[in-house]
Amino acid sequence: MYTHMNPVYTQIAAFHYTTEARYKGAEVVLVAPDCSPSHVHADYYVPIKPGNDSALGLGMAQVIIQEGLYKADFIKEQTDLPLLVRLDTRLFLRQSDLHDGGRDDQFCLWDTRSGSVAAAPLATLALGDLDPALEGSYSVALKDGSRAEVVPVFELLKERLEDYTPEKASEISGVNPDVIRMLARKIASKRGTIFCGGTSFKYYHADLMVRSYLLVLALTGNW
């Protein structure tokens, strides 16, 4: 998927990789507010209101989670979505919250195998025998003797994405809700990538546009 770029016109030397990929069965999507030399070489042209890619990305993410299309094993190992967050402070649960002398840079998971809090590996992304929960709410004992309710970041993400159903995202971005669903299902079912070009740099908070697309790639295992 291309967005914020016109690769046929601005990346002439490299665009042959895209056409060759299409010969091998790849589908090309162009997200753009205007017709350009690139839109006639795409399988899908998706008109969008300028600067509203974040809504499109979050709408796709909402569909991926709501329809259970996400790659749970990938998310558990390669993202921070399993890390636990305290609901009282909305901050990550840290080892230093649990006992004296605990590390402030040690975050925690809820291990479904042991049914208890476990330290997230520091030196590697490999989980070993851990199986982090992505959903649920858990009560943990703090070092001062009180208890706190904690949830994985994934739970908070689901809550946040309730504001970005395809219908709500469509009102912001101008992209048809059925198109948002189609794009979400396609990238969840195939190997894919998203190219976000330099035009995005012209927008305030353009980093959030890119991060919304990175979320889509993270949820679908498309690293």
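Residues: numbered from 1 along the sequence shown. This one's a predicted model, so the numbers in the text were calculated from it and none came from an experiment.
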Colleague: Under 4.0 Å between a Lys/Arg side-chain N and an Asp/Glu carboxylate O for K168 and E162?
Modeller: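 Salt bridge between K168 and E162, a charged N being under 4.0 Å from a carboxylate O: no.
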Colleague: With side-chain contact (heavy atoms from CB on, under 4.5 Å) as the test, would you mind laying out the steps for D207 and H205 before giving the verdict?
Modeller: CA-CA 5 Å; D207 60 317; H205 287 323; 4.2 Å; yes
Colleague: Is there a path of hydrophobic side-chain contacts, each under 4.5 Å between heavy atoms of I, L, V, M, F, W or Y residues, that connects M209 with M1?
Modeller: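 As far as the 4.5 Å side-chain criterion goes, M1 and M209 are not connected within one cluster.
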Colleague: Side chains of T220 and N222: do they bring a donor and an acceptor to under 3.5 Å?
Modeller: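 On atom types as modelled, these side chains qualify, holding a pair under 3.5 Å.
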Colleague: Tell me whether F107 is reachable from V153 by hopping between hydrophobic residues (I, L, V, M, F, W, Y) whose side-chain heavy atoms are closer than 4.5 Å.
Modeller: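 They do share one cluster, since a chain of ILVMFWY contacts under 4.5 Å joins V153 to F107.
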Colleague: Less than 4.0 Å between a side-chain N and a carboxylate O, is that true for R185 and E67?
Modeller: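 Between R185 and E67 there is a salt bridge, with a charged N closer than 4.0 Å to a carboxylate O.
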Colleague: Indicate yes or no: does R181 engage D178 in a salt bridge with an N to O separation below 4.0 Å.
Modeller: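 Salt bridge: yes.
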Colleague: Do you know the tightest heavy-atom contact between S170 and I180?
Modeller: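 In terms of heavy atoms, the two residues are closest at N-CD1, 4.1 Å.
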Colleague: Could you tell me which non-hydrogen atom of T124 sits nearest to which non-hydrogen atom of A126, and how far apart they are?
Modeller: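 Shortest heavy-atom contact: OG1-N, 3.0 Å.
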Colleague: Do the side chains of R22 and E27 get close enough for a salt bridge, i.e. N-O under 4.0 angstrom?
Modeller: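 Looking at E27 together with R22, the answer is no, because their closest N to O distance does not fall below 4.0 Å.
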Colleague: Over all heavy atoms of both residues, which pair between G221 and R191 is shortest? Give the atoms and the distance, please.
Modeller: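 Result for this residue pair: O-NH1, 3.0 Å.
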Colleague: Ring centroid separation for Y70 and F154, is it under 6.0 angstrom?
Modeller: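 Aromatic pair counts; centres sit under 6.0 Å.
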Colleague: Quick check for you: to the nearest 0.5 Å, what is the distance between K76 atom NZ and L134 atom CG?
Modeller: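 Rounded to the nearest 0.5 Å, the NZ-CG separation comes to 5.5 Å.
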Colleague: Checking H99 against Q95 for the side-chain contact (heavy atoms from CB on, under 4.5 Å) test, could you report, in this order, the C-alpha distance in whole Å, the side-chain angles of both residues, the deciding distance, and whether it holds?
Modeller: CA-CA 7 Å; H99 55 79; Q95 192 180 58; 3.5 Å; yes
Colleague: Let me see the working for K143 and D97 under salt bridge (Lys or Arg N to Asp or Glu O under 4.0 Å), right down to the final yes or no.
Modeller: CA-CA 6 Å; K143 64 183 179 183; D97 296 327; over 6 Å; no
Colleague: Hey, are S137 and E149 close enough side-chain-wise for a donor-acceptor pair under 3.5 Å?
Modeller: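 Side chains of E149 and S137: pair found under 3.5 Å.
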Colleague: Under the 4.5 Å side-chain heavy-atom rule for ILVMFWY, direct or indirect, which residues accompany Y138?
Modeller: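 Besides Y138, the cluster holds L84, L93, L98, W110, V117, V140, L142, V150.
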Colleague: Start with the C-alpha distance between T18 and Y2, add both sets of side-chain angles, then the distance that settles side-chain contact (heavy atoms from CB on, under 4.5 Å), and finish with yes or no.
Modeller: CA-CA 11 Å; T18 298; Y2 288 112; 2.4 Å; yes
Colleague: So, taking the atom named CZ in F195 and the one named CD in Q11, what distance separates them when rounded to the nearest 0.5 Å?
Modeller: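 Answer rounded to 0.5 Å: 8.0 Å.
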Colleague: With side-chain contact (heavy atoms from CB on, under 4.5 Å) as the test, would you mind laying out the steps for L217 and I187 before giving the verdict?
Modeller: CA-CA 8 Å; L217 297 176; I187 201 164; 3.8 Å; yes
Colleague: What distance do T112 atom OG1 and E135 atom CD have between them, rounded to the nearest 0.5 Å?
Modeller: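 If we round to the nearest 0.5 Å, T112:OG1 and E135:CD are 12.0 Å apart.
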Colleague: If you count heavy atoms of other groups shown closer than 6.0 angstrom to CG of D105, is the number above 12?
Modeller: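 Yes, because the 6.0 Å sphere around CG of D105 holds more than 12 heavy atoms from other groups.
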Colleague: To the nearest 0.5 angstrom, please state how far the SG atom of C196 sits from the CZ atom of R211.
Modeller: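 So the gap between those two atoms works out to 13.5 Å.
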Colleague: Check for me, please, whether V40 and Y17 land in the same ILVMFWY cluster - side-chain distances under 4.5 Å, paths through other members count.
Modeller: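 Result: no, two separate clusters.
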Colleague: Give me each pair satisfying side chain to side chain donor-acceptor pair (under 3.5 Å) with a member in residues 47-60, each pair once, sequence neighbours excluded.
Modeller: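 Side chain to side chain donor-acceptor pair (under 3.5 Å) check on residues 47-60 returns T3-D53, H4-D53, D53-Y213.
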Colleague: Side chain to side chain contact (heavy atoms under 4.5 Å, CB included) with L58: which of V63, I172, L215?
Modeller: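 Exactly one option meets the side chain to side chain contact (heavy atoms under 4.5 Å, CB included) with L58, and it is L215.
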Colleague: Same cluster or not: are M182 and L30 linked, directly or through other Ile, Leu, Val, Met, Phe, Trp or Tyr residues, by side-chain heavy atoms under 4.5 angstrom apart?
Modeller: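 In one cluster: no.
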Colleague: Of all heavy-atom pairs between A218 and T79, which one has the smallest distance, and what is that distance?
Modeller: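 Heavy atoms only, the tightest pair is CB-CG2, 4.0 Å.
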Colleague: Identify whether the distance between the nearest side-chain nitrogen and carboxylate oxygen of R113 and D111 falls below 4.0 Å.
Modeller: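 No.
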